[in-house]
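Below is one structure; the comments refer to it alone.
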Protein chains: 2
Amino acid sequence: MFSDATISRLPLYLRELQQLQRAGSSRVQSGVLARRLGLNDSQVRRDLSGFGPLGQRGVGYEIRALIETIQNTLGGNRSWNVILVGVGNLGTALSGYRGFEQQGFRLVGAFDTDPRKVGKRLGTLEIQPLDHLEDFIQSEEVELAILSVPAAAAPSVAQRLELVGITGILNFAPITVTPPQSSVTIVNVDLAVELQRLAYAVLTSKKEAGETD
Amino acid sequence: MFSDATISRLPLYLRELQQLQRAGSSRVQSGVLARRLGLNDSQVRRDLSGFGPLGQRGVGYEIRALIETIQNTLGGNRSWNVILVGVGNLGTALSGYRGFEQQGFRLVGAFDTDPRKVGKRLGTLEIQPLDHLEDFIQSEEVELAILSVPAAAAPSVAQRLELVGITGILNFAPITVTPPQSSVTIVNVDLAVELQRLAYAVLTSKKEAGETD
DNA sequence: TAGATTGTTAATCGATTAACAATC
DNA sequence: TAGATTGTTAATCGATTAACAATC
């Protein structure tokens with residue numbers, strides 16, 4: 001129904017639409033979305049046409065309907081129970097990240113091996129020891145895990161999560177984690193990668209501009 | 001020389017190669033890299049062939065040479081001075097992120113508007129007020145900025161950064177920031193987007209497996 | 001009706017991949 | 001030499017985009 005390329009843009013449309021809605025708009029045109037996201041307007045219409053006829057010719061798209069439809073497609077229009085494994089600097093930051101809650105992701109548990117952290121609070125949650133992982137995941141029907149442990153620990157923790165039935169892992173540890181078996185989907189996020197892409201883009205835009213540097 | 005698709009994979013190769021090197025390997029084959037990154041081996045060879053003949057037929061690629069070449073291409077084989085604007089939870093986490101230093105990015109300054117934060121230490125740095133931004137950027141030859149301020153403040157801070165000559169901004173604020181003029185390159189990182197992609201991947205892999213849910 | 005914008009087609013463009021000769 | 005793996009071609013596949021009829 002949707003190509004991979006389209007799927008990867010749906011979250012971007014969603015964010016932009018929510019921004020427009022908050023700013024008071026109720027309708028939007030393909031050209032507006034395209035400009036704001038640096039895309040082509042044909043591309044936007046083609047992406048959105050996968051939902052069936054949603055727009056009105058001559059008028060545009062109803063923002064509210066678009067948001068609901070995209071959310072339905074992306075997240076099944078339901079909330080997901082998420083746990084955080086590894087409450088270091090990054091883990092703490094991620095737990096406070098507004099965007100997650102907004103998009104239907106509920107942080108229901110936080111885990112760390114460090115005995116000094118266990119028992120402390122993280123927002124409204126109490127940090128639990130890693131031993132509790134298995135019981136908690138089963139009793140709370142947790143499906144997704146955010147992994148922010150040190151690189152060295154990441155593969156073994158990922159394996160443990162898979163064994164107990166976690167279906168998706170968002171890995172922030174600076175190491176590529178591949179699924180031990182294939183019952184779990186792992187998305188690796190590398191923050192340094194983004195900075196490298198930025199540096200490359202800056203270098204090439206300078207070259208284009210004719211600077212010698 | 002390199003397609004966009006190839007460029008976006010170079011940082012992934014780099015990370016994988018550094019991991020292999022740390023594990024004691026000195027050579028690697030296209031098939032090995034492909035498997036570890038979920039790519040096709042032809043694709044890996046094609047990507048790497050842009051550097052000229054680097055591999056040895058029948059043997060593979062020298063890891064050390066590959067790393068150096070990729071680093072050269074991506075970052076100009078030099079270090080970049082980076083500042084952090086917005087020292088909240090996320091900013092603090094980013095400042096401690098190992099991956100940045102490893103890839104040649106040096107955090108040279110940290111800024112926040114909050115008077116209670118100004119003067120405090122962040123690692124080896126002292127947090128400065130936003131007023132110091134312009135002077136600091138010019139005297140320290142800062143080129144890149146990591147933006148982790150609240151969404152509402154992001155566009156105006158981005159504009160300020162552009163005016164004073166910053167050439168690249170990595171934006172973590174949960175809002176799409178587009179360059180006011182075109183003298184700056186902005187890369188928007190949305191952490192919730194990754195979680196949404198994961199959720200979608202989980203949903204579709206379930207459907208494929210025939211679960212009704 | 002006149003103006004605007006969608007939905008969709010067809011053409012173009014670019015990226016992936018299988019295959020294999022070259023060669024270490 | 002025999003085995004392995006690169007570098008590169010050619011074919012395939014998929015994604016983007018211009019264009020325009022449909023229609024609000």
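Just so it is clear: chains get the letters A, B, ... in the order the sequence lines come, proteins before strands, and each one is counted from 1. As the structure is a prediction and not an experimental result, all values here were calculated from the model.
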Item to check | Approximate separation, where rounding is to 0.5 Å, of Phe172(A) CZ and Leu94(A) CG | outcome: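 Spacing of CZ (Phe172(A)) from CG (Leu94(A)) equals 5.0 Å.
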Checklist entry - Which value, rounded to the nearest 0.5 Å, describes the distance between Phe2(A) atom CZ and Thr73(A) atom OG1? => result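 Between Phe2(A) CZ and Thr73(A) OG1, I get 5.0 Å after rounding to 0.5 Å.
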Compare every heavy atom of [Y] with every heavy atom of [X], then report the nearest pair and how far apart it is.
X         : Y         : result
Ala173(A) : Ala151(A) : CB-CA, 4.2 Å
Ala158(A) : Leu147(A) : CB-CD2, 4.3 Å
Gly168(A) : Val184(A) : N-CG2, 3.8 Å
Ile83(A)  : Val108(A) : CG2-CG2, 4.1 Å

Checklist entry - Would Asp41(A) and Ser30(A) count as having a side-chain donor-acceptor pair, cut-off 3.5 Å? => result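 Ser30(A) and Asp41(A) do not have a side-chain donor-acceptor pair below 3.5 Å.
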Item to check | Any donor-acceptor N or O pair under 3.5 Å, side chains Asp47(B), Thr6(B) | outcome: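 A pair is found: one side chain offers a donor N or O, the other an acceptor, under 3.5 Å apart.
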Distance check needed: [N] [atom2] versus [X] [atom1], whole Å only.
X        : N      : atom1 : atom2 : value
Leu33(A) : dT6(C) : CG    : C1'   : 13 Å
Leu66(A) : dT5(C) : CG    : P     : 16 Å
Gln29(B) : dG7(D) : CD    : C1'   : 15 Å
Arg27(A) : dA4(C) : CZ    : P     : 16 Å

Item to check | Most 5' of Pro53(B) and Asp4(A) on DNA chain D, judged by nearest nucleotide | outcome: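 Nearest-nucleotide comparison on DNA chain D picks Pro53(B).
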Checklist entry - Just by protein heavy atoms under 4.0 Å, how would nucleotides 17-24 of chain D read 5' to 3' in B, S and -? => result BBB--BBB
Checklist entry - Would Leu17(B) and Leu33(B) count as a side-chain contact (heavy atoms from CB on, under 4.5 Å) if you check the C-alpha gap in whole Å, the side-chain angles of each, and the deciding distance to 0.1 Å? => result CA-CA 8 Å; Leu17(B) 289 164; Leu33(B) 273 177; 4.2 Å; yes
Base, sugar-phosphate, or nothing: which does [X] touch, judged by heavy atoms less than 4.0 Å apart?
X        : result
Ser30(B) : sugar-phosphate
Leu48(B) : nothing
Arg9(A)  : sugar-phosphate

Item to check | Dot-bracket encoding per residue of DNA chain C, Watson-Crick/G-U cut-off under 3.5 Å, | denoting interstrand | outcome: ..||||||||||||||||||||||
Next on the checklist: Below the 4.0 Å mark, does dA4(D) have OP1 or OP2 next to a side-chain nitrogen or oxygen of Tyr61(B)?
Outcome noted: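 No.
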